[in-house]
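Since this is a predicted model, take the numbers as computed values, not measurements. Whatever order the structure lists them in is the order used to number ligands and atoms, beginning at 1. All values below were derived from every heavy atom in this structure, side-chain atoms included, with hydrogens, water molecules and symmetry-related copies excluded.
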Amino acid sequence: MDCLFCSIIKGEIPSTKIYEDDYVYAFADIAPQAPFHAVIVPKEHIKSAAEINSQNSHLIAKVYEAVAEIAKRENLENGFRVVNNCGEDGGQTVGHIHFHLLARRNLAWPPG
Ligand code: AMP
Ligand code: ZN
């Protein structure tokens, strides 16, 4: 299966690692939308948030454990935003579920 983020997780495509554990990999977004912009992915391929179920939801919990850990390590005490784009209308461009962790600027709400 051809998946950009699976290739990044395997190290076949280079990335700037921000965090890694047994379940999760996080790397710097190539087109950052904030001074701090990490992409956080479960290592197991899940297509999108629409594919989360009782068998794989523990991996999403691991992603959020990573969010808190990264926020601690990067001193994001002023706050941050986690974004998951799902499907065409949600603006998802890579078919491997991922969570944007954006920080170090005041983020507008609603996002538009
Ligand atoms: P989305 O639009 O929510 O699907 O997010 C995909 C994200 O992946 C975008 O923010 C891209 O900038 C980012 N991206 C695409 N290719 C790479 C890459 N090779 N390394 C790092 N980030 C990437
Ligand atoms: Zn994948």
Open item on the list: Between the side chains of Lys43 and Glu20, is the shortest nitrogen-to-carboxylate-oxygen separation below 4.0 Å, so that they form an ion pair?
Closed with: yes
TODO: Would you kindly specify which portion of Gln33 sits under 4.0 Å from ligand 1, judged on non-hydrogen atoms: side chain, backbone, both or neither?
DONE: neither
Open item on the list: Would a single hydrophobic cluster contain both Val67 and Phe99, if residues Ile, Leu, Val, Met, Phe, Trp and Tyr are joined by side-chain heavy-atom contacts under 4.5 Å?
Closed with: yes
TODO: Say whether Ile30, considering both its backbone and side-chain N or O atoms, lies within less than 3.5 Å of an N or O atom on ligand 1.
DONE: yes
- [ ] Report yes if the distance between the aromatic ring centroids of Phe5 and Tyr25 is under 6.0 Å, otherwise no.
- [x] no
Task: Considering all heavy atoms, the nearest Ala108-Arg81 contact - done: O-NH1, 2.8 Å
Open item on the list: Polar contacts were defined as any N/O atom of the residue lying under 3.5 Å from an N/O atom of the ligand; does this apply to Val39 and ligand 1?
Closed with: no
Task: Minimum heavy-atom distance between His37 and His100, given as atom pair plus value - done: NE2-ND1, 2.8 Å
Open item on the list: Please classify the Phe99 to ligand 1 contact at 4.0 Å (heavy-atom distances, strictly less than): side chain, backbone, both or neither.
Closed with: neither
Task: N/O/S atom name from His45 that is nearest to the position of the Zn ion (ligand 2) - done: ND1
Task: Donor-acceptor pair, side chain of Gln92 and main chain of Val94, under 3.5 angstrom - done: yes
Task: 4.0 Å heavy-atom contact, Ser15 with ligand 1 - done: no
Task: Ala28 and ligand 1 - part of the residue with a heavy-atom distance under 4.0 Å - done: backbone
- [ ] Mark yes when over 12 heavy atoms from residues, nucleotides or ligands other than Asn106 sit less than 6.0 Å from its CG; otherwise mark no.
- [x] no
Open item on the list: Taking 4.0 angstrom as the limit and counting only heavy atoms of Phe27, give me the atoms of ligand 1 inside it, by number and element.
Closed with: 21 (C), 22 (N)
Task: Where ligand 1 meets Ala31 - atom numbers and elements under 4.0 angstrom, heavy-atom basis - done: 12 (O)
Task: Sub-4.0 Å atoms of ligand 1 with respect to non-hydrogen atoms of Phe5 - done: 8 (O)
Task: OH (Tyr19) with more than 12 external heavy atoms under 6.0 Å - done: yes
Task: Protein contact to atom 19 (N) of ligand 1 [nearest heavy atom, distance to 0.1 Å] - done: Ile8 CD1, 3.8 Å
Open item on the list: Quick test: of every protein heavy atom, which one is nearest to atom 12 (O) of ligand 1, and how far off is it to 0.1 Å?
Closed with: Asp29 OD1, 2.5 Å
TODO: Mind listing the closest non-hydrogen atom pair of Gly90 and Asn85 along with its distance?
DONE: O-CB, 3.1 Å
TODO: For ligand 1, note which part of Val83 has a heavy atom under 4.0 Å away: side chain, backbone, both or neither.
DONE: neither
- [ ] Check the pair Val41, Phe27 against side chain to side chain contact (heavy atoms under 4.5 Å, CB included), reporting the backbone distance first and the verdict last.
- [x] CA-CA 9 Å; Val41 298; Phe27 52 99; 4.2 Å; yes
TODO: Calculate, to the nearest 0.5 Å, the distance between atoms CD1 and CD belonging to Ile97 and Glu44 respectively.
DONE: 11.5 Å
Task: Test of proximity, Thr93 against ligand 1: N or O pairs below 3.5 Å - done: yes
- [ ] Would you name the N/O/S atom of His96 that lies closest to the Zn ion (ligand 2)?
- [x] ND1
Open item on the list: Tell me whether His37 has any N or O atom under 3.5 angstrom from an N or O of ligand 1.
Closed with: no
Task: Nearest-neighbour protein heavy atom for atom 5 (O) of ligand 1, which is reported as residue plus atom name and distance - done: His98 NE2, 3.0 Å
TODO: Please say whether Ile13 places an N or O atom under 3.5 Å from an N or O atom belonging to ligand 1.
DONE: no
TODO: Give the numbers and elements of all ligand 1 atoms closer than 4.0 Å to a heavy atom of His100.
DONE: 1 (P), 3 (O), 5 (O), 7 (C), 10 (O)
